[in-house]
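Report on the structure given below.
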Protein chains: 2
Amino acid sequence: MATPRSTSTDIARLAGVSRATVSYVLNARKDQSISEATRERVLAAARQLNYVPNAASRALRGGLSHLVMLINSGVPWSTNVTEVEDELTRLVAQSGRSLVVWRRQGPDDLVSTLANLEPCVAISTSFIGDDEKALLATVKIPLVESDLVAPGSDIPARLQVEHLVARGHERLGYLTTSEPTLQRFATPRTEGFVAACAEFKLPEPRVAAVPGGLGVTVESVKEQLRAWQSEPRPVTAVACFNDFHAAVCLAAATDLGWWVPEDLAVMGLDDDIFAPLTRPALTTVKLDPHGLARHLWATAQSRLHEAPEPHPYVMDARIVERASVSETV
Amino acid sequence: MATPRSTSTDIARLAGVSRATVSYVLNARKDQSISEATRERVLAAARQLNYVPNAASRALRGGLSHLVMLINSGVPWSTNVTEVEDELTRLVAQSGRSLVVWRRQGPDDLVSTLANLEPCVAISTSFIGDDEKALLATVKIPLVESDLVAPGSDIPARLQVEHLVARGHERLGYLTTSEPTLQRFATPRTEGFVAACAEFKLPEPRVAAVPGGLGVTVESVKEQLRAWQSEPRPVTAVACFNDFHAAVCLAAATDLGWWVPEDLAVMGLDDDIFAPLTRPALTTVKLDPHGLARHLWATAQSRLHEAPEPHPYVMDARIVERASVSETV
DNA sequence: CGGGGTTACTTACACGTGAAAGGTACGTCC
DNA sequence: GGACGTACCTTTCACGTGTAAGTAACCCCG
């Protein structure tokens, strides 16, 4: 505990060479010629001393840290988010860097975190305010924003329509969130849903936004379902912003004494961890978090001038059929 | 983009003072006397240049970074984990440091991540191998391990027994996981469950371990339930390692055509996000992630010699009654 | 008037690393 | 035999910060 970490100076002393030689050996520089004998001696000394280079001085010297920051606010309950994190962690590690994820609490924390962390690039899958973007710009840290908002982010919602139409539904409801930080994902999905309905020549769908992420209550959704039911031509299927909303919807329908999918079909989005466990099991849309992660990292690398800018991300999505939408109406 | 970050030298030049003066002003050192006029000038210059101190050089100079690393492997689906993360993020931020969470993939990645990150302390809520502990020791980074394994980690399981007994159940089943990395939590809970049954003079409970985290299948649990049912004196209530297992159990019972809680009571643990949404809604045990986070941070601070070692953590847990266990049998 | 203390700074060094520039011994070529 | 290249290593600097030590001006008091 009292003895400090060993440094390259210690290695140099032990191997009987200069510190520069140590640096050349450990970084395997091929424009420097080092005799095999000293190379071995240096490596042996490094092993013996359990040498791990000091990150701070390396970052100071090189101008850039080897850290990639993933900004992740809210949405603690989606499997997709952790899958993106895991895949990104793997990809970033391959470049010798490390991915760390930071769970943002307030907007103020970002300043001090950036000062403490000093990542070479920041990636965000969630909402980032303009002032925060400005902050990142002043400290010269490139920001990669999730392209979920790009062309293609309406695809999952369109798939929901497509599937419900194929199952014979015409009168559709769409249950989304009014949470401000989720509008980035919610808005294009809602628009895609409405547009797809129009393209299929369906009557205009009913759209309802219930308050935020975890704040959705079964009661409020029950009320909404009842309202839709009491219309002259009631909706026969409800598609949801995500699986959590769908689970609430399922619970609400059950509490109303309706049978799913007979009285009402329910469709989710995300193929979250609990989707196969609801009864009836949730028919949903699976996205491709790994593909997204790859695209985010490719974009980040292009910002680091290590790679060309990748093609725009095209969302990959597919239906996962379970039991909450019947085979045919 | 081309212009580099502004440094304290820039501020010194702009304010017409030496760099040392800048440092004294910005760090508000009270053992140095600085005239109000220059103080203002320096602060104005810093503001004007959007100065943010360089983390690398600060860490290099001070010997310690301002980063706290939370090692988080597996268990992507528990709300408790993210709640611990969020509370820790808040607490750590109050000390001027930043918490970053690292999702460990393989055991090898730890070396390079430590080299890149160089946290002043590491906190782990999950399983850490001995070799990894050794590694942390060689780089002199203190490790704080979650005390869930300490006295008190059997409490949630004992609470499950207590509650089921109060509801008139005698013949109990316990459904746990065989996932190796979760045994740290699983073993004390199972032992607590069995011990509590003995203390209540119940017949010895049936214990089954199904394969790990997300690998639990409804089929395997169905089989287990059927086996328990076919015994001469079938179990009337099943307590589970966590809410996910409980959700699987609920689905299995439903698929078998049994009514919950009439035919079989099911009890979870964690009060996870989907617990209120299952039908019947899940009766479960809520832990205290915020309390755990506070304890972890207090321990970490004591390792940083800023605070005395806290008292051992006593798990806080309470029953959350919903509908998967009936009022009385 | 001069010694001692205070105020308000500046100069100089250290942290650990990467790497350019410099140096030395040895062989080679004309 | 001296110019030149090459293999191998060392000396030296720079990165941006915190801070101990030094300094110059000023004031107070006997």
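Proteins get letters first, then strands, A, B, ... in listed order; numbering begins at 1 in each.
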Is there a side-chain hydrogen bond (donor to acceptor under 3.5 Å, both in side chains) between A/Asn50 and B/Thr138? Walk through the geometry before answering.
CA-CA 7 Å; A/Asn50 280 318; B/Thr138 66; 5.0 Å; no
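- The main-chain N or O of A/Thr113 is never found under 3.5 Å from a side-chain atom of A/Asn116 such that the two would form a donor-acceptor pair.
- In this structure, CZ of A/Arg13 is placed 13 Å from C1' of C/dG16, rounded to the nearest angstrom.
- On a pure distance criterion of 3.5 Å, no polar donor-acceptor pair joins the side chain of A/Gln32 and the base of D/dC8.
- B/Ser302 is listed as a side-chain neighbour of B/Pro310, based on a closest heavy-atom distance under 4.5 Å.
- Between A/Met69 atom CE and A/Arg104 atom CZ the span is 9.0 Å, to the nearest 0.5 Å.
- Spacing between atom CD of B/Glu118 and atom P of C/dC15 amounts to 16 Å, rounded to whole angstrom units.
- Nucleotide C/dA8 holds its P atom 10 Å from the CD atom of B/Glu36, rounded to whole Å.
- Straight-line distance from the NZ atom of B/Lys30 to the P atom of D/dT19: 13 Å, rounded to whole Å.
- In this structure, B/Ser33 reaches the bases: a heavy-atom distance under 4.0 Å links it to at least one base atom across the strands shown.
- Counting heavy atoms from C-beta outward, A/Leu114 and A/Trp102 have side chains that stay 4.5 Å or more apart.
- Side-chain proximity of B/Ala20 to the nucleotides C/dA19, C/dT10, D/dC9 is greatest for C/dT10.
- DNA chain C is contacted by both A/Arg29 and B/Gly62; B/Gly62 maps to the nucleotide lying nearer its 5′ end (nearest heavy atom per residue).
- The separation between B/Arg39 atom CZ and C/dT7 atom P is 16 Å, rounded to whole Å.
- Taking atom CD1 of residue B/Ile34 and atom P of nucleotide D/dG18, one finds them 14 Å apart after rounding to whole Å.
- For B/Asp31 and C/dA8, the CG to P distance is 14 Å, given to the nearest whole Å.
- If you check D/dG18, C/dT10, D/dT10 against the side chain of B/Thr21, the one that comes closest is C/dT10.
- At a cut-off of 3.5 angstrom, counting only N and O atoms as typed in the model, there is no donor on one side facing an acceptor on the other between the side-chain of A/Tyr24 and the base of D/dA7.
- In terms of phosphate contacts, B/Ser18 brings no side-chain nitrogen or oxygen within less than 4.0 Å of OP1 or OP2 of C/dC9.
- Within the 4.5 Å cutoff, no side-chain heavy atoms of B/Leu292 are placed close to those of B/Leu287.
- The stretch residues 41-61 of chain A touches DNA chain D through A/Leu60, A/Arg61, each having a heavy atom within less than 4.0 Å of the strand.
- Taking 4.0 angstrom as the limit, A/Ser35 places none of its side-chain polar atoms (N or O) nearer than this to OP1 or OP2 of D/dA7.
- What separates CG of A/Leu64 from C1' of D/dC15 is a distance of 12 Å, to the nearest Å.
- Considering only side-chain N and O atoms, B/Ser23 lies nowhere under 4.0 angstrom from the phosphate OP1 or OP2 of D/dT17.
- Applying the 3.5 Å distance criterion, the base of D/dT17 shares a donor-acceptor pair with the side chain of B/Arg19.
- Annotation: side chain of B/Val42 is not in contact with side chain of B/Arg39 (no heavy-atom distance under 4.5 Å).
- Taking 4.0 Å as the cut-off between side-chain N and carboxylate O, A/Arg5 and B/Glu118 count as a salt-bridged pair.
- The phosphate of D/dC8 (OP1 or OP2) has no side-chain N or O of A/Thr38 nearer than 4.0 angstrom.
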